[in-house]
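Report on one structure; see the data block that follows.
Just the heavy atoms: all of them, side chains too, but no hydrogens, waters or symmetry mates, feed the values below. Indexing begins at 1, ligand by ligand and atom by atom, following the structure's order.
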Amino acid sequence: MRDVNVLEGNVVAKEGMKVGIIASRFNEIIVSKLLGGAIDGLVRHGVEDRNITAAWVPGAFEIPVTAAKMAGSGKYDAVICVGAVIRGDTSHYDYVCSEVSKGVAQVGMSTGVPVLFGVITTENIEQAIARAGSKAGNKGYDCALSAIEMVNLLEQM
Ligand SMILES: Nc1c(NC[C@H](O)[C@H](O)[C@H](O)CO)[nH]c(=O)[nH]c1=O
Ligand SMILES: CC(=O)[C@@H](O)COP(=O)(O)O
């Protein structure tokens, strides 16, 4: 490749990195696994337990307002959002998923704080289980590593 400048964040947490995690309680049996995966990923890559703060909200729809509060507080280098939205019998699923994804993205862009979207949106419980620590991995863990990478990348800009 030509001799260009390439910026990339590594996945080793900077000294004193502080992370907020927002977990939605709806489908808690799934979300607790996502939360555990996020914490595991952060700690394994150098974030200290005492620098991780987790907050429970009722459902995924309450994540964006909480993310705005966390990201806007100046206390956190990154915010990870984990939840599980599983389709039911009505169109409620579509509205929840749409607003949560848009809201989380908006918080990141408006604050400049990396806000990671670890809310799984599935057609059924089997798909959710697969993404919460079984055959499709753990989306919470994945978001932890992405949070560290994004903090390290944005600090270079
Ligand atoms: N059906 C799911 C919900 N619904 C609840 C909403 O997120 C919200 O708490 C309520 O509409 C009150 O504002 N939430 C999930 O996280 N997952 C679902 O599958
Ligand atoms: C994602 C939801 O809001 C959904 O679980 C609610 O179920 P229903 O559409 O049957 O009311």
Side-chain angles (χ1 to χ4, degrees), residues 9 11 13 17-151 153-154:
V11 286
M17 179 180 175
K18 290 183 172 56
V19 182
I21 306 176
I22 304 164
S24 49
R25 199 176 298 111
F26 209 105
N27 295 314
E28 191 270 341
I29 191 171
I30 299 292
V31 182
S32 61
K33 297 293 186 184
L34 297 174
L35 176 58
I39 294 169
D40 186 41
L42 291 171
V43 172
R44 284 175 181 267
H45 291 81
V47 180
E48 296 175 74
D49 289 42
R50 61 190 175 93
N51 289 333
I52 300 171
T53 301
W56 283 100
V57 296
F61 194 82
E62 284 73 44
I63 289 176
V65 65
T66 311
K69 188 77 173 177
M70 269 192 165
S73 71
K75 298 177 185 175
Y76 306 97
D77 296 297
V79 175
I80 296 170
C81 306
V82 291
V85 187
I86 303 173
R87 189 181 293 277
D89 300 329
T90 71
S91 58
H92 196 238
Y93 168 91
D94 301 302
Y95 292 99
V96 172
C97 293
S98 173
E99 292 308 308
V100 174
S101 55
K102 283 191 295 183
V104 167
Q106 182 57 45
V107 171
M109 288 187 287
S110 61
T111 64
V113 173
V115 181
L116 286 298
F117 185 67
V119 179
I120 57 179
T121 55
T122 67
E123 297 300 318
N124 52 55
I125 186 78
E126 291 77 13
Q127 290 178 345
I129 292 169
R131 290 155 180 78
S134 66
K135 64 181 181 181
N138 186 305
K139 293 304 178 190
Y141 187 95
D142 297 344
C143 282
L145 273 60
S146 296
I148 294 169
E149 180 175 351
M150 282 304 296
V151 169
L153 172 66
L154 297 186

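Atom 6 (C) of ligand 2 has H92 ND1, 4.1 Å as its closest protein atom, hydrogens excluded (heavy atom only). In terms of protein heavy-atom proximity, atom 9 (O) of ligand 2 is closest to T90 OG1, 2.6 Å. Nearest protein heavy-atom neighbour of atom 5 (O) of ligand 2: I86 O, 3.1 Å. Among all non-hydrogen protein atoms, the one lying nearest atom 7 (O) of ligand 2 is G88 CA, 3.7 Å. Among all non-hydrogen protein atoms, the one lying nearest atom 8 (C) of ligand 1 is E62 OE1, 3.4 Å. For atom 10 (O) of ligand 2, the nearest non-hydrogen atom of the protein is D89 N, 2.8 Å. Among protein heavy atoms, atom 6 (C) of ligand 1 sits closest to F61 CB, 3.8 Å. Looking only at heavy atoms of the protein, atom 17 (N) of ligand 1 is closest to A84 O, 2.8 Å. The shortest contact between atom 15 (C) of ligand 1 and any protein heavy atom is with F26 CB, 3.3 Å.
For the pair R25 and E28, the salt-bridge criterion is not met [side-chain N within less than 4.0 Å of a carboxylate O].
The environment of F117 atom CZ is dense: over 12 non-hydrogen atoms of other residues, nucleotides or ligands sit within 6.0 angstrom. With a 6.0 Å radius and a threshold of 12 heavy atoms from other residues, nucleotides or ligands, I29 has its CD1 atom at or below the threshold.
Residue-ligand proximity: R25 is placed with every non-hydrogen atom at 4.0 Å or more from ligand 1.
Residue-level proximity to ligand 1 for N27 is carried by the side chain, the only part with a heavy atom below 4.0 angstrom.
In this structure, T121 OG1 and R87 CZ are separated by 9.0 Å, a value rounded to the nearest 0.5 Å. Once rounded to the nearest 0.5 Å, the distance linking NZ of K18 with CZ of R50 reads 7.0 Å. Interatomic distance, CG of N138 versus CG of D40, reported as 8.5 Å (0.5 Å rounding).
In summary, the atoms of ligand 2 found under 4.0 Å from a heavy atom of V85, numbered by their order in the structure, are 1 (C).
Between the side chain of S146 and the main chain of D142, a donor-acceptor pair closer than 3.5 Å is present.
Tested against I22, the residues V65, I80, V57 include a single side-chain contact (heavy atoms from CB on, under 4.5 Å) partner, V57.
One option in A128, P58, A23, A60 has a heavy atom closer to atom 16 (O) of ligand 1 than any other, and that option is A60.
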